[in-house]
There are 2 protein chains.
Amino acid sequence: MVDKTPTADIPSLPTPLEQSKAQFIRRWGEMGGYWGINRTMAEIHALLFVSTEPICTDDVMAKLMISRGNASMNLRSLVDWGLIERIHLRGDRKEYFVCRTDVWEMFETIVRQRRRREVEPIVETIEHCKAMVDDIQPKAADADAEDVQVYKQRLDEMHKFLDSFGTIVDLMVKLGPGSLQRLSGMMTKLVK
Amino acid sequence: MVDKTPTADIPSLPTPLEQSKAQFIRRWGEMGGYWGINRTMAEIHALLFVSTEPICTDDVMAKLMISRGNASMNLRSLVDWGLIERIHLRGDRKEYFVCRTDVWEMFETIVRQRRRREVEPIVETIEHCKAMVDDIQPKAADADAEDVQVYKQRLDEMHKFLDSFGTIVDLMVKLGPGSLQRLSGMMTKLVK
DNA sequence: TATTCCTTTCAGAGATTATTGAAAGAAACA
DNA sequence: TGTTTCTTTCAATAATCTCTGAAAGGAATA
């Protein structure tokens, strides 16, 4: 139901800036899919990332052409993840949102969340699975004996790997952008 | 259509080893979901990871209770990813599969693939998006001028971050498990 | 060559996830 | 207090992704 009277907002052609942003948003959304994050959530995140000023729910609805419910749900998820923040503009009842634009902070947030949700459960499971076969270890004459050994070893390796990886990423995050060059240099030396 | 005659294989109760493996497989599958990998594919991968001997399509079908088509498709995907290999046993027409069990190799493979599929496209898009607004830069009197500046800066930061991150991960992968301790030590010093 | 055994493919069915829109809820305002 | 404005929730619907099973395709064997 578009108002066509002369005084109404006539949708102007998208500027190159708008086109560019739209393209980035679209791609960021696609990538979200690969990362187990729903496309719309990632698009909203991108929209906020490229916005120089706070954005309200209606802006999100209009720009991405999605329903109020959808916008509301995904904005909440982004807040829960800690990737965006709610803010209130004086003299305006609406809620606005802004993205934390420091990419390293962003990364830290994502790493912390994903680690908690994805790495920790698998580590717990590995420990539990090892314990299960530890109990049967005593009966050494078991036909499974060798199998058990190999199995335990593989679980161990995976466990160690996940631990190490976690440590490295944690440190990386703490170091932030400044140390990256130094670190890269050090690592390169190590490779040689 | 289970044969119930005395000579048929009567399904015995699962041993603790089998139970333990089943649990690991289940959890690995769940995690796959978070990583944009379908559950079954991740489960097959886990099944092969904890198997001491090669496994054929029928084994996969039986253990995970899935159809031939499903097994075939997901096994192929895993081969495409480079996470498992096809092998042929002498005197047997069937194809068997084995998992590359070195966790660092596994990690390297995954990193390489995900980088190609997920990081590179977004980097390309960022470059393209920057180029789009570079063109309009000359008309400095544009109302968008400031907006363009901020936008370009954010894209730049993201670009730099993705580059740096890629470099670090590459190096990590090359270093492998041995250097992890040293590296961790060095990083810890840097933090202080 | 025909037969057997195994693998792949893919249309349709099924399951899961995402989205809508309207109703209920909440908070500021008058 | 009632009214207005904005937000959240959720059942129904739509879109997407996954799985099945049967048919077609291939390769080794007789």
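Letters A, B, ... mirror the listed sequences (proteins, then strands); counts begin at 1. Note: hydrogens, waters and symmetry copies are ignored here, and every other heavy atom, side chains too, is used.
- By the 4.0 Å N-to-carboxylate-O rule, A:K152 lies close enough to A:D134 to be salt-bridged with it.
- Nearer to the 5' terminus of DNA chain C, by closest-nucleotide assignment, is the contact made by B:T57 (compared with the other of B:N70 and B:T57).
- Summarising the geometry, the separation between NE2 on B:H88 and P on D:dG26 is reported as 16 Å, rounded to the nearest angstrom.
- Here D:dT8 is the nucleotide among D:dC6, D:dT20, D:dT8 with the atom lying nearest to any side-chain atom of A:R68.
- In this structure, A:S20 contributes its side chain and B:M132 its backbone to no donor-acceptor pair below 3.5 Å.
- For A:I55 and D:dT7, the CD1 to C1' distance is 18 Å, given to the nearest whole Å.
- In this structure, B:Y34 is a member of the same hydrophobic cluster as A:Y34, with clusters built from ILVMFWY side-chain heavy atoms closer than 4.5 Å.
- Remark: the B:Q153 side chain and the B:Q149 side chain contain no N/O donor-acceptor pair separated by less than 3.5 Å.
- For C:dT8, one of the phosphate oxygens OP1 or OP2 lies less than 4.0 angstrom from a side-chain nitrogen or oxygen of B:S72.
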Considering only distance and modelled atom types, tabulate donor-acceptor pairs under 3.5 Å from the side chains of residues 46-56 of chain A, sequence neighbours left out.
from: A:S51; atom 1: OG; to: A:L47; atom 2: O; distance (Å): 2.6
from: A:T52; atom 1: OG1; to: B:D147; atom 2: OD1; distance (Å): 3.1

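- The interatomic distance linking A:D80 (CG) with D:dT8 (C1') rounds to 13 Å, in whole Å.
- Along DNA chain D, the nucleotide nearest A:D92 and the nucleotide nearest A:M73 are compared for position; the residue whose nucleotide lies closer to the 5' end is A:D92.
- Between the CE atom of A:M61 and the P atom of D:dC6 there is a distance of 12 Å, rounded to whole Å.
- Taking atom CZ of B:R86 as the reference point, atom C1' of C:dC6 lies 12 Å away to the nearest angstrom.
- Across all strands, B:R76 comes closer than 4.0 Å only to sugar-phosphate atoms, never to a base (heavy-atom distances).
- Side chain of B:N38, nearest nucleotide from D:dT20, D:dT18, D:dT7: D:dT18.
- In the set D:dT8, C:dT19, C:dC6, C:dC6 carries the atom at the smallest distance from any side-chain atom of B:K94.
- Minimum atom distance to the side chain of A:R93 is reached by C:dA28, of the listed C:dT19, C:dC6, C:dA28.
- Summarising the geometry, the separation between CZ on B:R39 and C1' on D:dC19 is reported as 10 Å, rounded to the nearest angstrom.
- Atom pair A:I37:CD1 and C:dA18:C1' shows a separation of 15 Å (rounding to whole Å applied).
- Between the C1' atom of D:dG21 and the CE atom of B:M65 lies a distance of 17 Å, rounded to the nearest Å.
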